[in-house]
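Working notes, structure below.
Chain letters run A, B, ... following the sequence lines, proteins first and then strands; every chain starts at 1. Atoms considered below: every heavy atom in the structure, side chains included; atoms not considered: hydrogens, waters and symmetry mates.
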2 protein chains.
Amino acid sequence: MTAQMMVNTAGARAYTGSLGGMAEAAEPLRAAGTVIRFAQGCEIFAEGDDSDVFYKVLSGVVRVCKFLSDGRRQIEAFHIAGDIFGMDLGDARGLSAETVSECTLVCYRRRQVDMLAAKDEAVTRHLLHFAMENLAHARGHCLLLGRRSAAEKLAVFLLEWADRSTEPAIVHLAMTRQDIADYLGLTIETVSRTFSQFERDGLIALVGTREVHLKKMAALEHVAAR
Amino acid sequence: MTAQMMVNTAGARAYTGSLGGMAEAAEPLRAAGTVIRFAQGCEIFAEGDDSDVFYKVLSGVVRVCKFLSDGRRQIEAFHIAGDIFGMDLGDARGLSAETVSECTLVCYRRRQVDMLAAKDEAVTRHLLHFAMENLAHARGHCLLLGRRSAAEKLAVFLLEWADRSTEPAIVHLAMTRQDIADYLGLTIETVSRTFSQFERDGLIALVGTREVHLKKMAALEHVAAR
DNA sequence: CGCTTAATTGATCAGGGTCAATCGTGGTGG
DNA sequence: CCACCACGATTGACCCTGATCAATTAAGCG
């Protein structure tokens, strides 16, 4: 019903080597990574796969999601530059990850990181921090999914991206309406209708389908009930 | 609308001392804990509080939840014996915790644990493991909240508790219908109606309001679409 | 035994889903 | 350069699940 065809083109080409000039504080992981590029719409890994590596986003947008057996999809999060994803409990993936846009990632082998961690307690602490960040987000997302209306959900979504955007009043959406719907626990039609309603109310302006101008931040925050 | 009056009776009495004979593998935290008892319906901590301690459940049931400004509530999880909860990013609580029943908890001071962790990398690793468990659960919960029907939600809920129960076909519910509703993103009425429907269909038998006998596990699993 | 609070049940309503048609838009090829 | 195509997005009509409002019923508990 809500499932999405996976194009899965693109052989991901791996460039073994260091991380390059990415600004990322004093990070002891730097040595253990491999940079990989993925085209848009690629599956990075799927639920049940071996989880022997995890990733950090350098550029692009990644979605991590879970599926029900009949194809219903829930997107847990979108990850952008700087985010770490793909840490898992045990050996098997608890969710799947796909590229929303063309992406550059760093891939870390768990074995190597474990070895690093055994020597350097700060590495484990660093991972704990990212796990906690993901956890905090997931909890906020539960509240959104369980207790917010469609309009509230979309307002929260737009403000989340405004926070991540360089120009806070302009949001570039890397994802389709279907992605947004599956992130917010709605249908594509409801997302579209709510966008239109926001535009009619003068809260936003849609420039094409992928760019949103937030005209009344305060009003949006009010709708979002923050 | 869905908010719940907090009784908050019970002065929690603290017994400083070791953890006692609780079976809990080789856990280096043992030394750093303080045992505390809480009565039913107590607030353990609230969103925004200082998060200088975290807890482990020895007995009883704890709910952790988030609120919207208008009182709507989402319960993220119920914690039972063995679960660790109350680890937070930063200094402020991201959610609140309350006792569903009378509870015995162990309380760990973060400062002390940090000192332990600095010496013993296994402590941080242990905490990471619990964060990841919580994360895995939160993700599953997002899927449930965003993409499942009322009947599916309740079936999943019952099977979750069956898994945790000693006698897998008998589930004792420590919480009210309101708690269940706020956990599943439903209303109390829908929870009640769905229970009744399950009973009419012969899937369960309700003994009083707090005990559920699962008569047809296979059928329940089918409803839950697992 | 009566009081209070929780749970069930019924009637009605509405938010959002479903189904279907139409509109854009960007890419392709004549 | 433009016509056509394909796919994503929008819009409309209608429906259904679950929410709301309200009235009973059951269950603890002093």
N/O donor to acceptor pairs below 3.5 angstrom from side-chain atoms of residues 195-207 of chain A, sequence neighbours left out:
unit_1    : atom_1 : unit_2    : atom_2 : d
Ser196(A) : OG     : Ser192(A) : O      : 3.0
Gln197(A) : OE1    : Arg200(A) : NH1    : 2.6
Gln197(A) : NE2    : Asp201(A) : OD1    : 3.0
Gln197(A) : NE2    : Asp201(A) : OD2    : 3.4
Glu199(A) : OE2    : Leu206(A) : N      : 2.9

Mind listing the side-chain donor-acceptor pairs of residues 82-95 of chain A below 3.5 Å, one per line with the distance, residues two or more places apart or on another chain?
unit_1   : atom_1 : unit_2   : atom_2 : d
Asp83(A) : OD2    : His79(A) : ND1    : 3.3
Asp83(A) : OD2    : Ile80(A) : N      : 3.0
Asp88(A) : OD1    : Gly94(A) : N      : 2.9
Asp88(A) : OD2    : Arg93(A) : NH1    : 3.4
Arg93(A) : NH1    : Val53(A) : O      : 3.4
Arg93(A) : NH1    : Gly86(A) : O      : 2.4
Arg93(A) : NH2    : Val53(A) : O      : 2.5

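Glu189(B) has its CD atom 13 Å from the P atom of dA6(C), to the nearest Å. Between Phe195(B) atom CZ and dA7(C) atom C1' there is a gap of 11 Å when expressed in whole angstrom units. What separates CG of Asp70(B) from P of dT20(D) is a distance of 11 Å, to the nearest Å. If you take CD1 of Ile180(B) and C1' of dT8(C), they are 14 Å apart, rounded to a whole angstrom. Here the C1' atom of nucleotide dA19(D) and the CD1 atom of Ile188(B) are 13 Å apart, to the nearest Å. Rounded to a whole Å, the CZ atom of Phe198(B) is 16 Å from the C1' atom of dT8(C). Atoms CG (Leu154(B)) and P (dT8(C)) sit 11 Å apart, rounded to a whole Å. Rounded to whole Å, atom P of dA9(D) lies 15 Å from atom CD of Glu211(A).
Screening residues 167-186 of chain B for ring-ring contact (aromatic ring centres under 6.0 Å, His included), with sequence neighbours left out, gives Phe78(B)-Tyr183(B), His141(B)-Tyr183(B), Phe157(B)-Tyr183(B). Counting only residues at least two apart or on different chains, no ring-ring contact (aromatic ring centres under 6.0 Å, His included) pair has a member in residues 205-226 of chain B.
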Can you name the atoms? Protein N/O to nucleotides 11-15 of chain C N/O, anything below 3.5 Å, with the distance.
unit_1  : atom_1 : unit_2    : atom_2 : d
dA11(C) : N6     : Arg193(B) : NH2    : 3.3

Could you go over nucleotides 28-30 of chain D and give all protein N or O partners under 3.5 Å, atom names and distances?
none

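Side-chain atoms of Gln178(A) stay outside donor-acceptor range of the base of dC7(D), with no qualifying N/O pair under 3.5 Å.
When the side chain to side chain donor-acceptor pair (under 3.5 Å) test is applied to Glu47(A), no partner is found at least two apart in sequence or on another chain. Among residues two or more places apart in sequence or in another chain, the side-chain contact (heavy atoms from CB on, under 4.5 Å) test is passed with Thr209(B) by Arg177(B). In terms of the side-chain contact (heavy atoms from CB on, under 4.5 Å) criterion, residue partners of Ala224(B) (sequence neighbours excluded) are, by chain and number, Ala155(B), Val156(B), Leu159(B), Arg226(B). Listed by chain and number, the residues in a side-chain contact (heavy atoms from CB on, under 4.5 Å) with Ala150(B) are Leu186(B), Thr190(B), Thr194(B) (sequence neighbours excluded). For the side-chain contact (heavy atoms from CB on, under 4.5 Å) test, residues two or more places apart in sequence or in another chain that qualify with Asp50(A) are Asp52(A).
Taking 4.0 angstrom as the limit, Thr187(A) places none of its side-chain polar atoms (N or O) nearer than this to OP1 or OP2 of dT18(C). Regarding contacts with the backbone of dA19(D), a side-chain N or O of Thr190(B) is found under 4.0 angstrom from either OP1 or OP2. The phosphate of dT8(C) has OP1 or OP2 within less than 4.0 Å of a side-chain N or O from Ser192(B).
Side-chain contact of His137(A) with Glu133(A): a donor-acceptor pair under 3.5 Å is absent, judged by distance alone.
Using a 4.5 Å heavy-atom cutoff, the side chains of Met175(A) and Arg63(A) are not in contact.
Between Val223(B) and Ala151(B), the closest heavy-atom pair is CG1-O, 3.8 Å.
Comparing atom distances between the Arg177(A) side chain and each of dA9(D), dA19(D), dA7(C) picks out dA9(D) as nearest.
The end-to-end axis angle of the helix from dC1(C)-dG30(D) to dG30(C)-dC1(D), rounded to 10 degrees and based on five pairs per end, is 30°.
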